[in-house]
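A quick note: this is a predicted structure, and the numbers were derived from the prediction, not measured. Note on naming: letters A, B, ... go to the chains in the order of the sequence lines (proteins, then strands), and numbering restarts at 1 for each one.
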Number of protein chains: 2
Amino acid sequence: MLQNPNPAPAYYQQAETLLVAVDCIIFGFDGEKLKLLVFKRKLNPFAGAYSLIGSFVHPSESTTDAARRVLFDFTGLQDIFLEELHVYSEVDRDPGARCISIAKYALIRVTDYHKALSDHYDTEWVALDSLPELVLDHNRMVADALQRLKQKAQFYPIGFELLPKKFTIPMLQRLYEEIFERSFDARNFRKKLLSLTLVKPLPEKDRTTSKKGSFLYRFDYKKYERLSKKGFQFSLFKI
Amino acid sequence: MLQNPNPAPAYYQQAETLLVAVDCIIFGFDGEKLKLLVFKRKLNPFAGAYSLIGSFVHPSESTTDAARRVLFDFTGLQDIFLEELHVYSEVDRDPGARCISIAKYALIRVTDYHKALSDHYDTEWVALDSLPELVLDHNRMVADALQRLKQKAQFYPIGFELLPKKFTIPMLQRLYEEIFERSFDARNFRKKLLSLTLVKPLPEKDRTTSKKGSFLYRFDYKKYERLSKKGFQFSLFKI
DNA sequence: ATAATAAATGTAATTAATACATTTATTATA
DNA sequence: TATAATAAATGTATTAATTACATTTATTAT
């Protein structure tokens with residue numbers, strides 16, 4: 001990286017600064033439905049209304065730092081899937097101030113979340129198909145994030161971030177059916193998944209959904225990384 | 001959208017503001033090679049160095065407005081493909097000031113650019129495989145944009161934004177070979193393209209590259225929009 | 001012992017992708 | 001005016017991937 005040869009503070013000083021926020025679209029899957037974690041605001045502005053979980057970005061942190069900070073504060077979770085969605089910067093998007101928001105979406109394992117200790121009891125999981133009205137442009141952010149989730153999940157194995165680390169094939173199928181709003185043939189789904197050889201069978205069964213029980217599997221992230229470096233393209237179905 | 005019921009300026013006033021910039025990764029294709037439009041800085045900071053084309057975001061404009069403003073200033077072009085790439089916000093990314101940059105990539109038709117009158121003669125097209133060193137984290141931005149271009153071009157018909165509106169099939173194939181750094185079989189490429197029925201044949205030929213001449217086609221954006229709303233997924237090849 | 005339930009399994013038919021060589025239209029040159 | 005040179009255009013057979021579809025299995029509760 002070139003180092004600045006002639007620092008010219010005047011160049012920067014004549015530019016105007018803006019408020020910069022991050023807002024997190026936090027998805028979860030309870031085994032049945034896709035859910036969104038929202039925040040019921042206790043304080044102004046927008047006291048009593050629902051909003052995404054967010055914060056202003058401090059000068060001493062990157063936008064990723066800020067997002068991870070609020071995710072930790074609100075869920076107690078670290079090391080979760082987090083990816084930038086889009087910058088929302090319309091001049092009139094926030095009537096309170098000129099503020100741009102960098103939206104990021106996160107995928108969390110609801111099972112881990114339940115265990116995690118959070119000091120926030122003002123968060124709520126809501127079903128994506130019956131979202132409340134959210135403040136500002138947050139409903140738009142959620143709609144965009146959902147579209148991105150669909151796009152991304154079609155060619156990247158990010159669905160596994162929403163399941164417990166040990167999952168069954170029927171669980172994964174239900175998640176895919178929920179994300180893509182369509183059904184899959186159980187035989188073909190299983191066959192295609194196993195043909196990728198990216199899930200490792202475990203000698204254990206999950207017995208919460210049937211008497212027979214269903215074998216548990218684990219996604220092999222290392223193998224996926226190796227293959228994708230060689231040009232492998234993950235996909236479980238053709239549109 | 002909920003309107004702010006209790007404006008609370010104090011909430012905003014206690015937050016710190018940041019400098020926000022946009023930087024544009026501008027791709028072009030000259031029929032042979034992928035090119036990047038860069039700016040040779042005449043003034044400080046970084047006088048004499050190469051940089052992406054960018055600007056600070058004014059409080060009175062969105063980040064898209066800002067990007068379109070600089071694109072127009074530097075190329076004279078409007079209505080070009082422009083999409084957000086990523087927010088670069090590492091605390092130490094700019095030694096001159098705490099400044100985040102929203103990188104956007106643009107695809108332009110070099111043929112149009114040559115015609116456009118621009119009052120900037122300090123821009124240069126450089127080949128992507130022999131990029132100069134750029135200021136700050138701009139080389140990283142270009143690398144990320146190139147990766148995004150590959151990803152996006154695989155499932156969206158954005159390659160057509162880099163070609164003249166009337167193009168030949170061999171031209172398109174050369175562009176794809178350049179983007180994906182691989183070769184395609186001319187028969188299979190043509191067959192696949194025509195099977196999508198998204199390019200309309202014209203009764204004209206381009207004779208700049210052969211004595212025989214090659215028929216010109218036009219991409220049918222309206223048909224593509226219609227089909228993609230029904231779930232159609234554009235793709236010219238399997239990885 | 002039987003009923004009930006979700007999990008697990010295989011094959012044939014269809015569709016899509018790949019590999020591969022010759023002819024065509026045209027211009028420049030002998 | 002015949003020939004050489006050049007890039008464009010074309011078809012088929014093989015292989016791989018996707019789809020459609022119905023029965024058996026393991027287990028628990030009755």
Nucleotide opposite [N] in a Watson-Crick or G-U pair, distances under 3.5 Å:
{"N": "dA7(C)", "result": "dT24(D)"}
{"N": "dA12(C)", "result": "dT19(D)"}
{"N": "dT30(D)", "result": "dA1(C)"}

Exercise. Counting only distance, no hydrogens or angles, is the base of dA8(D) paired donor-acceptor with the side chain of K212(B) under 3.5 Å?
Worked result: yes

Exercise. Is R182(B) positioned over the aromatic face of F184(B), cation under 6.0 angstrom from the ring centre and no more than 45 degrees off axis?
Worked result: yes

Problem set entry | Test item: K104(B) and T63(B) side chains (from C-beta on) under 4.5 Å apart, heavy atoms | yes

Exercise. Ring pair (Phe, Tyr, Trp, His ring centres under 6.0 Å) with F160(B): which of F219(B), Y217(B), Y221(B)?
Worked result: F219(B)

Could you work out which one of [options] sits closest to the side chain of [X]?
{"X": "K238(B)", "options": "dA17(C), dA26(D), dT24(C)", "result": "dA17(C)"}
{"X": "K191(B)", "options": "dA6(C), dT18(D), dG11(D)", "result": "dG11(D)"}
{"X": "S210(A)", "options": "dT27(D), dA9(D), dA7(C)", "result": "dA7(C)"}
{"X": "N188(B)", "options": "dT27(C), dG11(D), dA8(C)", "result": "dG11(D)"}
{"X": "S214(A)", "options": "dA5(D), dA8(C), dA7(D)", "result": "dA8(C)"}

Exercise. Is the centre of the F39(A) ring less than 6.0 Å from the centre of the F74(A) ring?
Worked result: yes

How close or far is atom [atom2] of [N] from atom [atom1] of [X], stated in whole angstroms?
{"X": "F237(B)", "N": "dA19(C)", "atom1": "CZ", "atom2": "P", "result": "14 Å"}
{"X": "R187(A)", "N": "dA6(C)", "atom1": "CZ", "atom2": "P", "result": "17 Å"}
{"X": "R207(B)", "N": "dT27(C)", "atom1": "CZ", "atom2": "C1'", "result": "10 Å"}
{"X": "K205(A)", "N": "dA26(D)", "atom1": "NZ", "atom2": "P", "result": "8 Å"}
{"X": "I239(A)", "N": "dT18(D)", "atom1": "CD1", "atom2": "P", "result": "14 Å"}
{"X": "R182(B)", "N": "dA17(C)", "atom1": "CZ", "atom2": "P", "result": "12 Å"}
{"X": "M171(A)", "N": "dA7(C)", "atom1": "CE", "atom2": "C1'", "result": "13 Å"}
{"X": "D206(B)", "N": "dA7(D)", "atom1": "CG", "atom2": "C1'", "result": "12 Å"}

For this session: Show your working on side-chain contact (heavy atoms from CB on, under 4.5 Å) between L146(A) and L128(A) and close with a plain yes or no.
Result: CA-CA 9 Å; L146(A) 206 44; L128(A) 272 162; 3.8 Å; yes

For this session: Remember a base hit wins even if backbone is also touched, and classify F215(A) as base, sugar-phosphate or nothing at under 4.0 Å, heavy atoms.
Result: sugar-phosphate

For this session: Taking only the side-chain nitrogens and oxygens of R190(B), find out if one of them lies under 4.0 Å from OP1 or OP2 of dA9(D).
Result: yes

For this session: Between P170(B) and D185(B), just flag the one whose closest nucleotide in DNA chain D comes earlier from the 5' side.
Result: P170(B)

